[in-house]
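In what follows, a structure is listed as structure tokens, so that the remarks can point back to it.
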Amino acid sequence: MGPRHAVSTSETYELLVSLLIKCPQTIEILPGDGSTWTHTQNPDDIASEPSFSPFLFVEGNLGIPQKILYKVFLHAVDVFKSARSRVPTRPTIMVQQNLDASLVRILIASSSILLLANPSNQTALNTRKHLVRMHQIDPHAELRFLASLLSSQHCKHAELWYHRRWLLSAAYDPRFSDAASVDSYCRLQFVSQESLQRELELVSRACELYPRNYFAWTHRLICIRSLLSDYLAGMDAVGFVPIFRNEIAGIKGWIDRHVSDYSAIHTILALSQAVVQSGDLSLMEIIIEEDIPGHAISLVQEYPAHEALWMYIRTALSIPDSQQIPQIQQFVDHFVQPLVHSQHPKTDAKEDLVKAPQYARQFMDRCPDYKFFCGHHT
């Protein structure tokens with residue numbers, strides 16, 4: 001084989017843009033410049049499969065060498081700046097003006113690279129918003145692009161989740177208009193269970209990639225709260241009651257496996273409190289059947305050194321259910337009070353011996369009413 005010609009940065013840029021257009025299932029930024037797998041690639045594979053060097057693109061999963069991304073990013077910055085200089089600076093004028101098709105393609109391509117390298121780039125995000133409003137970017141296609149970015153290490157960036165909620169409004173909300181402010185949407189609408197399921201699966205992947213992902217859980221909470229609002233208003237398009245039942249059960253299972261996840265705990269408690277405030281009997285029945293206070297009690301008893309679980313139980317016990325009083329009384333009498341007085345349960349971890357009594361005392365201090373369940377005064 002003869003020597004391969006050197007690939008220019010511009011060619012590498014175009015190749016990466018073409019791969020991003022495919023909306024990969026996952027994206028991973030890899031250390032180095034890609035030389036490791038380029039030099040060890042099987043010649044038979046080179047002959048039988050298209051070459052995406054210096055990138056890896058296997059079964060819809062994209063690997064990008066960090067050093068290559070940095071070079072392409074610098075090139076994209078120049079391309080984007082040049083293209084931006086040819087469009088109006090005021091968004092309202094930009095929306096009203098018909099842009100040249102080639103200029104639109106350049107803005108879309110260069111901004112996709114900018115966001116891949118820096119998801120917090122507000123100029124790139126706002127440019128894409130305005131292109132959506134101009135009907136130059138299909139919001140459904142943009143949702144697929146965002147799903148690719150959020151299936152990477154970028155899933156912890158609040159700006160991408162906000163942009164996604166804006167896009168969901170553009171794609172599904174009939175009240176959305178070309179003149180709408182880019183800052184005005186937080187209540188979401190879903191036209192089918194499939195569209196909702198795609199959203200929840202995206203959040204689940206993001207939470208697996210980045211533990212205790214506050215922004216992903218916030219997005220999930222907004223999705224379910226939006227459905228709750230529609231349900232209470234008599235506009236239930238997706239069958240909310242079984243969805244809510246599965247959601248509460250699913251979050252409980254997640255907390256069982258991730259006992260330090262404050263964000264998941266906050267989500268289940270916020271949903272429970274919203275249902276209590278709504279007074280809806282069907283949803284209240286689910287909350288009672290799922291026994292959230294009992295779930296919190298069992299986890300605290302098993303993992304008393306995790307502060308997140310004590311927060312869980314403090315709020316869970318405020319969910320009204322008179323049948324829980326004996327269970328709460330037993331928990332305070334036989335578990336919390338012995339911890340308060342340093343008569344801790346036997347544990348293997350030394351950390352438990354230090355933290356568990358401290359959290360138990362905080363529990364009694366912050367929730368003084370629980371002292372009267374057992375007749376003790378500390």
Side-chain angles (χ1 to χ4, degrees), residues 3-39 41 46 49-58 60-89 91 94 99-132 134 136-138 141-157 159-160 163 167:
R4 303 175 68 180
H5 75 86
V7 178
S8 69
T9 300
S10 176
E11 290 174 312
T12 306
Y13 163 86
E14 294 294 344
L15 175 59
L16 183 54
V17 168
S18 71
L19 292 174
L20 291 177
I21 290 174
K22 298 176 184 291
C23 295
Q25 296 177 19
T26 63
I27 298 175
E28 186 171 356
I29 311 301
L30 305 171
D33 59 3
S35 58
T36 302
W37 61 75
T38 300
H39 293 157
Q41 195 172 12
I46 295 175
E49 296 182 2
S51 173
F52 299 108
S53 177
F55 309 108
L56 282 179
F57 191 66
V58 181
N61 301 291
L62 177 60
I64 304 171
Q66 190 173 38
K67 291 183 179 180
I68 300 297
L69 176 59
Y70 180 71
K71 292 180 180 179
V72 172
F73 168 73
L74 294 179
H75 178 77
V77 168
D78 292 337
V79 173
F80 183 75
K81 283 183 177 179
S82 175
R84 282 279 297 172
S85 68
R86 296 158 56 191
V87 301
T89 56
M94 179 178 173
L99 298 182
D100 179 73
S102 62
L103 180 60
V104 170
R105 288 194 295 271
I106 293 171
L107 287 170
I108 294 173
S110 58
S111 62
S112 69
I113 301 296
L114 298 186
L115 291 175
L116 178 62
N118 176 18
S120 300
N121 190 314
Q122 289 290 352
T123 303
L125 286 170
N126 287 335
T127 297
R128 296 180 77 92
K129 282 186 175 73
H130 297 314
L131 290 173
V132 169
M134 296 171 66
Q136 298 293 338
I137 296 180
D138 174 42
E142 186 74 346
L143 284 168
R144 291 191 292 272
F145 172 64
L146 259 287
S148 296
L149 292 182
L150 289 168
S151 296
S152 72
Q153 64 197 51
H154 298 330
C155 65
K156 61 183 180 292
H157 285 266
E159 294 84 358
L160 291 184
H163 185 53
L167 286 168

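The first residue of the sequence shown is numbered 1, and numbering continues consecutively from there. What you see is a predicted model; the values in this text were computed from it and never measured.
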What side-chain donor-acceptor pairs closer than 3.5 Å can you find for residues 114-125, not counting sequence neighbours?
unit_1: N118; atom_1: OD1; unit_2: S120; atom_2: N; d: 3.2
unit_1: S120; atom_1: OG; unit_2: H157; atom_2: ND1; d: 3.2
unit_1: S120; atom_1: OG; unit_2: E159; atom_2: OE1; d: 3.2
unit_1: N121; atom_1: OD1; unit_2: T123; atom_2: N; d: 3.2
unit_1: N121; atom_1: OD1; unit_2: A124; atom_2: N; d: 2.9

Rounded to the nearest 0.5 Å, what's the gap from CZ on F145 to CG on L150? Could you check? 10.0 Å

Residues that Q153 engages under side-chain contact (heavy atoms from CB on, under 4.5 Å), provided they are two or more places apart: I29, K156

Return the minimal non-hydrogen interatomic distance between D33 and P65, and the atom names on each side. C-CB, 3.5 Å

Value for CZ (F55) from OG (S18), rounded to nearest 0.5 Å, stands at 8.5 Å

Would you indicate whether the side-chain heavy atoms of L20 and I113 approach each other to under 4.5 Å? yes

Got a donor-acceptor contact below 3.5 angstrom from the S82 side chain to the D78 backbone? no

I'd like to check the side-chain contact (heavy atoms from CB on, under 4.5 Å) partners of Q136; sequence neighbours left out, ordered by chain and number. V104, L131, M134

Residue pair N61 / Q25: nearest heavy atoms and the distance that separates them: OD1-CB, 3.9 Å

Sequence neighbours excluded - side-chain hydrogen bond (donor to acceptor under 3.5 Å, both in side chains) pairs with any residue from residues 102-112: D100-S102, S111-R128

Name all residues meeting the side-chain contact (heavy atoms from CB on, under 4.5 Å) criterion together with P24; count only those two or more places apart in sequence or in a different chain, and write none if there are none. I27, F57, L62, S148

What's the separation between atom CG in L19 and atom CD1 in I64, rounded to the nearest 0.5 Å? 8.0 Å

Apply ring pair (Phe, Tyr, Trp, His ring centres under 6.0 Å) to Y13 and list each qualifying residue two or more places apart in sequence or on a separate chain. H75

For the residue pair S53 and L15, what are the closest heavy atoms and their distance? O-CD2, 3.4 Å

Applying side-chain contact (heavy atoms from CB on, under 4.5 Å), run through T127 and V87 and close with a yes or a no. CA-CA 10 Å; T127 297; V87 301; over 6 Å; no

R84 side, atom CZ; L103 side, atom CG - distance, nearest 0.5 Å: 10.5 Å

Give, for atom CG of L167 and atom NZ of K129, the distance between the pair rounded to the nearest 0.5 Å. 7.0 Å

